[in-house]
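One structure is given here, and the rest of the page talks about it.
Everything quoted here is computed from the prediction, not taken from an experiment.
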Amino acid sequence: MKYIIVGAVAGGASTAARLRRLDEKADIIIFEKGAYISYANCGLPYYIGDVIKDRNALFVQTAAAFNQRFNIDVRTLTEVTAINPEAKTITAHNQNTGETYEETYDKLVLSPGAEPIRPPLPGITSEGIFTLRNVNDTDYIKSFVQQKVVKKAVVIGAGFIGLEMAENLHDLGLEVSIVEMGNQILAPLDYPVAAIVQQHIRSKGVNLLLNNAVTAFEKTASGVQVILKEGAPVDADIVILSIGVKPDTRLAAAAGLKLGDARGIWVNEYLQTSNPDIYAVGDAIEFKNAITGLSMNTYLAGPANKQGRICANNIVMGNKTVYHGAINTAIVKVFDMTVATSGMASKNLLRAGIPHHVSTTHNGSHAGYYPGAKQMSIQIAFAPDGTLLSAQIAGFEGVDKRIDILSSVIQRQESIEELVEFEHAYAPPYSSAKDPVNMAGFVAENILTRKLKLFYYNQWDLIKEEDILLDVRSKEEFEAGHIDNAINIPIDDLRNRMIEIPKDKNIFIYCLGGLRGYLAQRTLTQSDYKKVLNLSGGYQLWKAIQLEQEALAPKTLLASN
């Protein structure tokens, strides 16, 4: 058998290595249009920022080492320019020699990846404007920063790579601005979680410009001026375009392979394209979302590597191993914070018409009495039957292990009951007796059993003039800052001062994080108060959102102290 793989980064290299382990006698050829194979794409920003000192550490395998270990013919700097499915041939162009030739195949695997979006804006070809997608891009950026006088950087786009680049350029001592067209960073997040992280970014002195768009670039004597749709231009010595990527489907489309609704290469559950002898993996493919059933892409190394293994299994052993899709579990370091997400954000569930509840909890990364505990905020969305649909976490320590737990529950389409019963490894330096995952489950269970009734940061219109807004924090907390028109009755005084709260009024409660509000709600509800709601996420979440809304629209403020 002769196998040809197009693309030699995560998906392609994984497929090739697995094919060799399954079939020692096969003829395997990998074509890679770039100079490098199997490199750590996710590590590129950290090499630019000098966190990773050794450039060679970025390479999982070199072409020579891959050939020696797996006996695979690796042809770098050779681009596959055409596929003839009927003749079962590909056309390749060697960029070194200029030679163009054909190769036959029995089975073909496409792993062309994705390509960065580079809109045709005026001046976009000016010196100092870069995208970051591969090793060559990294080398150009690294060299530019080292050889030029670079003091100001503008990052366009606040996705995962954009934020990583902003942090690394900031750590190099540059003055950094981030321009994002949307009203928040990290589109997979819901706004409340994004707001927490945005406050942290602003605290680092980064100029975060949301709800804005770049319209042009103008070359200046010292660098580039970034022209914005709103506001004054921003001066830059270097510009990083991180607007996004799109599936590279040019080869597939030209060969007549089916593309899907998300404009990726269509594959079935075995990662087989519309041609039975051609498979595809990685960023270029699309598949059904496990939650909505709609087509989606994912641009993550983890799924690409897993797809490669499954693809090779099906090529060699027949279509027996099903790919169940991805739930887009992702994590990113944003300065001192860690932000993670899995599943489908509440905003996207709403667009898809999927009923769900949302809860937000704030807990320490480990036992509070053990030094060094750091707070994390966990938002989960779950169906009326309790099925966990998404999780988002923003915190400083222990975020990674919690998102992995929650991701597993989402992936298996299991219930929040698993969170309630989850048994974790507990010792004071690592967790609390009730882990933040348990706490998220407890709150969700209370919502489902209607022991806890919530209102949210964007539902202030529910509160009428005659209603009562009750702050149950301490007097000192209240005086340090509170929501306008609130009255303060600390939770520990509530039973003795209940006479001050009329029973015929609607009561809207808040505390710092939600727990004391819940206790107050239970007390009042069981004392014949009819409508009592607790603010989800508490004052601290409201305050982060408040500050972000002030930053976005200074003339349109929520009520604040």
Side-chain angles (χ1 to χ4, degrees), residues 190-192 195-196 346 350 355-363 377 379-382 384 439-440 442-550 553 556-561:
D190 284 307
Y191 184 76
I196 295 171
S346 173
L350 286 170
H356 65 283
H357 303 282
V358 175
S359 69
T360 302
T361 50
H362 311 285
N363 297 101
S377 300
Q379 178 193 288
I380 60 172
F382 47 97
M439 296 303 296
F442 295 155
V443 171
E445 182 183 59
N446 287 336
I447 292 171
L448 290 176
T449 57
R450 299 188 64 78
K451 292 183 179 67
L452 171 61
K453 296 180 181 179
L454 297 172
F455 73 105
Y456 295 88
Y457 76 96
N458 56 356
Q459 293 183 319
W460 293 100
D461 58 331
L462 295 177
I463 305 177
K464 308 305 179 186
E465 187 175 349
E466 64 272 17
D467 295 333
I468 292 175
L469 181 60
L470 178 61
D471 185 325
V472 297
R473 298 176 299 156
S474 69
K475 180 182 177 182
E476 293 75 18
E477 289 176 287
F478 181 81
E479 291 177 348
H482 61 268
I483 302 173
D484 272 0
N485 302 317
I487 64 171
N488 178 223
I489 301 179
I491 179 64
D492 294 336
D493 299 338
L494 183 60
R495 288 183 180 87
N496 295 329
R497 296 177 59 182
M498 211 176 295
I499 193 171
E500 300 175 28
I501 308 172
K503 288 190 176 181
D504 61 344
K505 302 290 187 182
N506 297 324
I507 316 297
F508 293 83
I509 303 174
Y510 72 89
C511 65
L512 182 63
L515 176 57
R516 285 174 287 177
Y518 167 64
L519 298 176
Q521 183 186 53
R522 295 302 300 156
T523 298
L524 292 174
T525 300
Q526 294 176 85
S527 300
D528 300 324
Y529 288 81
K530 301 304 180 186
K531 184 177 179 181
V532 186
L533 299 177
N534 187 27
L535 177 60
S536 181
Y539 179 82
Q540 67 183 84
L541 183 63
W542 173 87
K543 188 64 176 178
I545 295 168
Q546 163 76 5
L547 292 171
E548 279 305 304
Q549 291 188 348
E550 289 178 11
T556 308
L557 306 182
L558 289 174
S560 65
N561 187 47

side-chain contact (heavy atoms from CB on, under 4.5 Å) filter on Glu466, not counting sequence neighbours, yields Lys464, Lys505
Correct closest heavy-atom pair for Pro192 and Leu541 would be O-CD1, 3.7 Å
Rounding to 0.5 Å, atoms NE2 (His482) and NZ (Lys543) come to a distance of 10.0 Å
Tell me if a side-chain donor or acceptor on Tyr510 pairs with a main-chain N or O of Ala486 at a distance below 3.5 Å. no
Distance col, row Ile468:CD1 vs Asn485:CG, nearest 0.5 angstrom, shows 12.0 Å
Would you say that Glu548 contacts Tyr191 through its side chain, given a criterion of any heavy-atom pair below 4.5 Å between the two side chains? yes
Heavy atoms of Asp471 and Phe478 approach each other most closely as OD2-CD1, 3.2 Å
In terms of the angle between their ring planes, are His357 and Phe382 parallel, tilted or perpendicular, with boundaries placed at 30° and 60°?
tilted
For Pro355, the side-chain contact (heavy atoms from CB on, under 4.5 Å) test, sequence neighbours excluded, returns Pro384
Nearest heavy-atom approach of Ile501 to Tyr529 is O-OH, 2.7 Å
Residues Ala520 and Val472: closest non-hydrogen pair is CB-CG1, 3.9 Å
- Given side chains that start at C-beta, do those of Leu494 and Leu524 come closer than 4.5 Å, heavy atoms only? yes
Examine distances only and state if a side-chain atom of Tyr457 and a backbone atom of Gly537 form a donor-acceptor pair shorter than 3.5 Å.
-> no
Would you mind reporting whether Trp460 and Phe508 have side-chain heavy atoms less than 4.5 Å apart?
-> no
Closest non-hydrogen contact found for Ile463 with Leu469 is CD1-CD1, 4.2 Å
Here the gap from His362 atom NE2 to Ser377 atom OG, rounded to the nearest 0.5 Å, amounts to 4.5 Å
Across all chains, not counting sequence neighbours, the salt bridge (Lys or Arg N to Asp or Glu O under 4.0 Å) partners of Arg497 are Glu500
Using a 6.0 Å cut-off, check whether atom NZ of Lys503 has over 12 heavy atoms from anything other than its own residue. yes
OG1 (Thr525) and NZ (Lys453) are apart, to the nearest 0.5 Å, by 7.0 Å
Residues 521-542 vs salt bridge (Lys or Arg N to Asp or Glu O under 4.0 Å), sequence neighbours excluded, gives none
Rounded to the nearest 0.5 Å, the CH2 atom of Trp542 sits from the CD atom of Gln549 at a distance of 9.5 Å
Taking every heavy atom of Val358 against every heavy atom of Ser536, the minimum-distance pair comes out as O-OG, 4.4 Å
Asn534 meets the side-chain contact (heavy atoms from CB on, under 4.5 Å) criterion, sequence neighbours left out, with Leu452, Leu454, Ile509, Tyr518, Gln521
Applying side-chain contact (heavy atoms from CB on, under 4.5 Å) to Ala544 and not counting sequence neighbours gives Ile196, Gln199
Between the CD1 atom in Ile483 and the CG atom in Leu470, the distance rounded to the nearest 0.5 Å is 11.0 Å
